[in-house]
Each structure stands twice: as C-alpha cells, then as structure tokens.
Amino acid sequence: MHIVVDRRPEGLAVVDESGAEALVPAESFAAHVREREAEHPRWVWTDTAQWYPALLRAGVRVERCHDLRLVDAILAGIEGRPPRTEWGKAVPVRANTLFDFDSGQDARTAPSAPDVFAEQRAAIAAQPSPGRTALLAAAESAGALAAAEMEFVGLPWNAEAHHQLLVEALGERPPPGRRPPALERLAGEVEALLDVGPVPIDSPPELVKSLRRAGLDVQSTRSWELKKLDHPAIAPLLQYKSLSRLLTANGWNWLEEWVHDGRFRPTFVPGGVVTGRWASDGGGALQLPKQVRSAVQADAGWALVVADAAQLEPRVLAALSGDAAMAQAGAGVDLYAGIVASGAVESREHAKVGMLGAMYGGTTGVSAQVLPRLARSFPRAIGFVEAAARAGERGERVETRLGRTSPRPGAEWRERQSMASSDGAGEADRARARSESRSWGRFTRNFVVQGTAAEWALSWMAGVRRRLWQPELGPIEQQPHLVFFLHDELMVHAPLDRVDEVQAALHDAAFDAARIVFGATPVTFPVTVAVVQRYSDAK
DNA sequence: CGTGAACGCGCC
DNA sequence: AGGGCGCGTTCACG
C-alpha cells in the first residue's frame with residue numbers, strides 16, 4: 001500500500017492508492033503518519049532527507065518509503081537524461097556539456113508527487129528486469145530512511161577520551177595559530193637532521209626543495225615516496241605528517257564543531273557516489289581515521305555491535321560472474337585463503353593484491369604478475385571485469401546487478417576518441433586518447449563491482465534495520481539501532497541484554513541480502529561481528 | 001582580496 | 001602508472 005505525500009499551495013496532502021486525498025495541517029502531520037503507519041504503507045515523498053527528520057524528532061518512525069528524488073536519479077541514469085531539479089536541492093549543472101536542459105523550472109511548474117510516482121512506476125515496469133529495478137528503488141529508499149535515523153541518533157562519541165588521545169599524541173592544545181608541542185619538536189628535529197636551513201614543513205613544494213637541497217631525490221612529499229628514502233630526517237617527517245593530519249582533520253577544532261552531547265552527527269548522503277555508494281557531507285564521517293576510533297564508545301549498559309562483510313567485493317564479483325571456482329574459494333570466512341588453497345597463487349597477500357588489481361585495473365607490480373594465474377583459475381570472474389573494462393574503453397555504459405548504470409563519458413572524451421581514430425591524428429593525440437580510454441575502462445571495470453557491492457550493502461542494512469525495530473520498545477534511541485555505515489560495515493548501538501539478537505540480525509540479513517541481489521547463488525557472504533565498548537576494539 | 005585547482009591523505 | 005570519495009591546506013590566478 002502506498003501513501004503519497006504532496007506539498008500543495010493549500011497545504012500538505014496525503015493521497016492513498018484509491019486516489020482519496022486528505023489535507024493534513026502541517027502541525028498534525030507527524031500524528032497522521034504515526035496513526036497510518038499501522039497500515040504498513042510505503043510512504044512516497046520527494047525527499048526523505050527533507051521529510052523524515054521532523055518525523056523522527058516527533059518520535060515517529062517509518063518502516064518503508066519511496067524516495068522520488070533518489071529513484072529519479074537512478075531512472076535518469078538509466079534513461080540518459082539529467083535528473084529533475086524541481087525539488088529544491090541544487091543539482092550541479094555543467095554549463096558546457098551537450099545535453100543540458102534549461103534548469104529554470106520551479107516548484108510551481110513541477111508535476112505533483114502522485115504524478116511523478118505514477119511515471120516512475122511506469123518507467124520501472126518498462127525496464128527489462130522490472131523486479132530488479134524495483135528492488136533497487138526500495139533498497140535506495142530504505143537506505144535514505146536509515147541515513148536519517150543515524151543522523152538523528154548520532155554516533156556515540158566520548159569527547160573526553162578524544163581530548164585525552166589528542167593530548168597524548170600532540171601535547172596540550174596550543175593557542176590558535178600555534179603548533180602543539182609534539183609538532184613543534186618534530187619540525188625542529190626534521191630541520192636539524194636535514195641541516196639545510198629553515199624547512200617550511202607545511203608547504204609541500206617548499207619541502208620538496210629542502211629535501212632536494214639535502215641530497216634526497218624526491219618528486220613530491222607523498223608519504224609512500226618518502227618511505228623509500230634512507231635518511232634520518234624521514235622518520236620524524238613522516239610522524240610529523242601523521243600527527244599534523246590528526247590535528248587538522250580530527251583535532252580539537254573538529255571535536256568542537258562535530259561532537260555535541262556525546263554524539264557525532266555527520267550528514268550521510270545516500271546515493272551520493274555515482275556507483276551508488278553513500279557519500280558524507282561534513283565531518284568526514286566516512287573517513288574516520290583509526291587513530292580516533294577509540295573515542296567511539298557505547299553508552300553505559302550498552303555495547304557497539306560492529307559487523308564487517310568479509311571480502312565483500314571479490315565475493316560480489318564471484319556472484320556477478322557466476323564463477324563457481326571462486327564461489328568455492330569463498331566457501332570459508334576467508335576468500336583469499338581459499339584462493340591460495342585452490343593453488344592459484346602462493347600467498348594470501350598475492351591473492352588479495354591480485355584480486356584488488358583485477359577489480360581496480362592495476363597494471364603494475366605484484367598485482368599484474370599474479371593476474372594471469374588468477375585468470376587461469378577463475379576465468380569467468382576475471383573475464384567479467386575485463387569485459388566491463390573493454391566496454392568502458394569503447395565509451396559504452398555498464399550496469400550493476402540491479403541495473404544502476406554508469407554515466408556516459410563526457411563530450412570532450414568522446415571527441416578526443418574520434419579525433420584520435422581519424423586519419424590526420426598525431427601520435428600524441430592517439431597516445432592521450434588511448435590513456436583516457438584505458439582510464440575510463442578502469443572506472444567501468446570497478447563500477448560494476450563497487451556498485452553491486454553497494455546494492456548488497458544497502459540490502460543488508462535494510463534487513464538489519466527491519467529486524468532491529470520493535471514498536472513496543474519505544475523510540476528508536478531506546479532500542480537497538482544503527483549508528484554507522486561504512487560501505488561494507490555496519491555498527492549497531494544496543495543494550496547489553498539485546499546483543500545476541502542483534503548479532504543474529506546482522507548474520508541473517510547478510511544471508512538474505514545475497515538472495516535479494518543475486519537470487520540463487522553458491523557464493524556466501526559471511527560477516528564478522530564484534531561486540532565491543534569501543535570501536536577501536538573491533539577487528 | 002576571494003575563488004578554485006592541486007596536493008596529500010584519511011577511509012572503503 | 002589503481003577504482004570511489006571528503007576535507008584541510010597551500011598556491012596560482014583573476
């Protein structure tokens with residue numbers, strides 16, 4: 001059953017399946033939703049991030065929704081058109097691409113939510129696999145609900161523990177504009193050991209000059225390049241960079257801006273990445289460094305249940321490609337160990353680097369060396385990503401298992417490809433076009449795996465979310481609830497006496513997710529679950 | 001002076 | 001010489 005929520009000049013309207021409409025005063029909207037939630041409807045609205053937070057603040061939790069904006073973005077991708085822009089949120093429009101629409105429409109001319117919903121249902125029904133597209137729409141929308149709920153409850157964060165770890169690493173907090181003691185000391189050490197005069201350590205170009213003056217042959221100050229050097233100044237320099245990073249990215253300023261009342265509240269952006277992964281906006285939620293994870297702490301009497309899908313992407317590739325040998329290699333909890341046991345490669349490290357290279361398009365080093373052996377043992381899996389890469393190199397689009405499509409390469413890309421294949425093309429033009437072609441191929445190669453992994457993860461999250469919620473236990477924050485999602489990892493904050501059922505939910509939902517995304521598949525998707533007080537104690 | 005690209009690095 | 005991101009800093013540019 002669907003209930004469409006529509007904003008009208010005269011107020012809020014709710015329209016149910018029969019077309020019956022009711023005008024609802026804004027102040028009683030939450031009460032209306034709470035009451036009708038008993039009918040288990042799917043709420044259809046323009047934008048979960050716009051509608052749901054107010055409901056959550058009013059203590060109303062919704063089981064299912066259909067997010068018109070997110071589904072429009074998916075359908076727009078499939079249909080090769082720009083997404084709708086009438087719903088207020090800025091959609092970046094590139095001024096110089098070929099297919100721009102006039103974006104000067106506004107809410108007065110926008111079609112009503114029931115009309116858009118009807119169009120979307122028709123578009124989904126017209127897809128080659130309508131069931132899959134409908135699943136994708138549902139999973140994407142469920143993710144939007146979970147994102148709003150996680151923002152509402154926040155990630156439990158012990159600000160005092162964070163402060164203490166900063167003091168231990170950096171020394172006491174300095175006044176604005178001054179370096180913390182540890183950085184001051186390390187900068188002095190680097191300067192003394194390089195012995196070439198003052199070293200502007202915070203300026204990469206100047207730092208390169210100083211290093212060169214000290215006789216070190218470097219092109220940049222990237223830490224992987226510095227690690228190859230043998231010089232006494234390198235160790236303190238690397239430590240400086242690491243601590244400086246801690247200070248600027250997750251130091252006291254970050255703590256004051258982002259942690260309040262024991263909670264870190266980032267903004268998650270479902271569908272924020274072309275592949276379907278989430279992005280985040282503010283606070284760097286998806287890049288929480290390991291250095292600060294000890295500050296993520298459960299409340300007293302509660303635990304953090306941290307679950308991680310083991311080797312998600314290679315398993316996704318095995319299922320996508322129907323590679324029975326790789327499914328067999330993944331029968332245990334460690335797929336890489338299974339690859340070694342199959343005899344394809346010598347070591348777990350080779351298996352891991354080789355598979356990552358196959359999925360990312362690595363062409364050098366160990367990754368390239370072991371690729372032929374993987375291709376011999378797992379021809380279907382490797383063939384699948386190779387085909388996706390070749391399609392991208394030709395400028396074709398690829399799609400995930402549930403049908404999310406990769407974008408077309410830009411107009412300039414296509415132009416340079418056709419220029420390079422014409423008679424008068426110079427060698428430089430051809431080389432550049434070849435390089436760009438391979439680069440787009442690496443993108444599409446990864447797109448199919450990363451995007452399908454995102455679909456599995458969304459399905460997993462939706463299943464966990466559904467299992468955790470029990471209406472009779474009261475508001476979300478008083479019962480086990482999701483607090484964090486990181487591509488292939490979920491965190492649940494749960495009362496200690498509910499931890500067992502949370503673990504079961506995480507395992508059961510992972511089992512279901514494989515069925516939802518792939519149907520019958522021999523590939524398993526094990527999750528490792530840790531029950532901890534601090535995030536840093538997981539894995 | 002403000003803006004935006006580039007860098008470098010954190011996460012998966 | 002590897003895919004996807006966000007963010008803080010520096011630096012070039014108008």
Side-chain angles (χ1 to χ4, degrees), chain A residues 92 177 179 200-209 218-227 237-238 240-251 253-254 257-258 266-293 296 308-314 316-317 352-368 371 385 388-389 392 398 400 404 406-407 431-432 434-436 438-454 456-457 484-491 535 539:
Chain A
R179 270 190 193 128
I201 196 168
D202 291 317
S203 165
E206 295 297 320
L207 180 56
V208 168
K209 287 181 197 162
V218 288
Q219 308 304 316
S220 74
T221 64
R222 295 191 185 100
S223 46
W224 62 263
E225 191 176 343
L226 298 180
K227 275 176 197 145
L237 174 55
L238 289 171
Y240 178 92
K241 285 161 78 73
S242 168
L243 290 179
S244 169
R245 171 87 190 170
L246 172 64
L247 174 69
T248 55
N250 296 98
N253 293 342
W254 180 92
E257 183 175 355
W258 290 102
T267 304
F268 292 106
V269 186
V273 179
V274 280
T275 57
R277 272 189 177 180
W278 287 13
S280 66
D281 183 9
L286 304 186
Q287 302 125 258
L288 283 185
K290 297 209 158 67
Q291 277 169 311
V292 302
R293 292 186 179 185
V296 181
D308 179 287
Q311 308 96 37
L312 177 57
E313 294 198 343
V316 161
L317 175 56
K352 181 174 178 175
V353 172
M355 283 308 298
L356 291 176
M359 294 183 294
Y360 290 161
T363 55
T364 57
V366 178
S367 161
L371 186 60
V385 280
V398 296
T400 60
R404 195 189 304 263
S406 65
R432 177 174 178 177
R434 205 156 43 234
S435 157
E436 287 187 355
R438 297 239 167 89
S439 173
W440 197 258
R442 285 193 297 275
F443 167 57
T444 53
R445 168 196 295 268
N446 187 247
F447 183 95
V448 294
V449 178
Q450 185 185 120
T452 305
W456 183 92
F484 198 56
F485 171 55
L486 189 58
H487 308 315
D488 60 358
E489 192 175 321
L490 281 175
M491 193 190 303
Y535 188 15
K539 60 171 148 178

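The structure displayed is predicted, hence computed values, not measured ones. By convention in this document, chain letters (A, B, ...) are assigned in the order of the sequence lines, proteins followed by strands, and residues within each chain are numbered from 1.
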- Round to a whole Å and report the spacing from CD of A/Q291 to P of B/dG10. 7 Å
- Task: Kindly indicate whether the side chain of A/P407, heavy atoms from C-beta on, has any atom under 4.5 Å from the side chain of A/F443.
- Result: yes
- Message: Does the structure show A/Y360 stacking with C/dG3, if we require the centres to be closer than 5.5 Å and the planes to be within less than 30 degrees of parallel?
- Response: yes
- Answer with yes or no whether A/S220 presents, from its side chain, a donor or acceptor under 3.5 Å of a partner atom in the base of B/dG8. no
- Can you see which heavy atom on A/S242 is nearest to which on A/Q291, and at what distance? OG-NE2, 3.4 Å
- Message: Is the phosphate of B/dC9 approached by A/K227 (side-chain N or O, under 4.0 Å from OP1 or OP2)?
- Response: no
- Remember a base hit wins even if backbone is also touched, and classify A/S435 as base, sugar-phosphate or nothing at under 4.0 Å, heavy atoms. nothing
- Item | Value in whole Å for how far the C1' atom of B/dG10 lies from CH2 of A/W224 | 17 Å
- Here the gap from A/L317 atom CG to A/Q450 atom CD, rounded to the nearest 0.5 Å, amounts to 13.5 Å
- Is a salt bridge present between A/E313 and A/R277, judged by a nitrogen-to-oxygen distance below 4.0 Å? yes
- Message: Using whole Å, what does the distance between atom P of nucleotide B/dC12 and atom CE of A/M355 come to?
- Response: 19 Å
- Using atom CH2 of A/W440 as one end and atom P of C/dA1 as the other, report the distance to the nearest whole Å. 22 Å
- Item | Minimum-distance pair of heavy atoms, taken over all atoms of A/W258 and A/P266 | CZ3-CA, 4.5 Å
- Once you round it to whole Å, what is the distance between P of C/dG2 and CZ of A/R222? 11 Å
- Just checking A/R438: base, sugar-phosphate only, or nothing, at a heavy-atom cut-off of under 4.0 Å? nothing
- Item | Nucleotide-resolved protein contact map, nucleotides 4-14 of chain C, B/S/- at heavy-atom distance under 4.0 Å | BSBSSSSS---
- Item | Length of the CG-C1' vector between A/L246 and B/dG8, whole Å | 16 Å
- Query: A/F447 CZ to C/dG2 C1': how many Å, rounded?
  - Reply: 17 Å
- Message: Looking at every heavy atom in both A/V448 and A/A388, which two are closest together, and how far apart are they?
- Response: CG2-CB, 3.9 Å
- Query: Think A/S223 has a side-chain N or O under 4.0 angstrom from the OP1 or OP2 of B/dC9?
  - Reply: yes
- Does A/K290 have a side-chain nitrogen or oxygen under 4.0 Å from the phosphate oxygens OP1 or OP2 of B/dG10? no
- Query: Starting at CD of A/E313 and ending at P of C/dG2, how long is that distance when rounded to a whole Å?
  - Reply: 17 Å
- Message: Testing A/D488, A/L312, A/T400 one by one against A/W456 for a side chain to side chain contact (heavy atoms under 4.5 Å, CB included), which residue passes?
- Response: A/L312
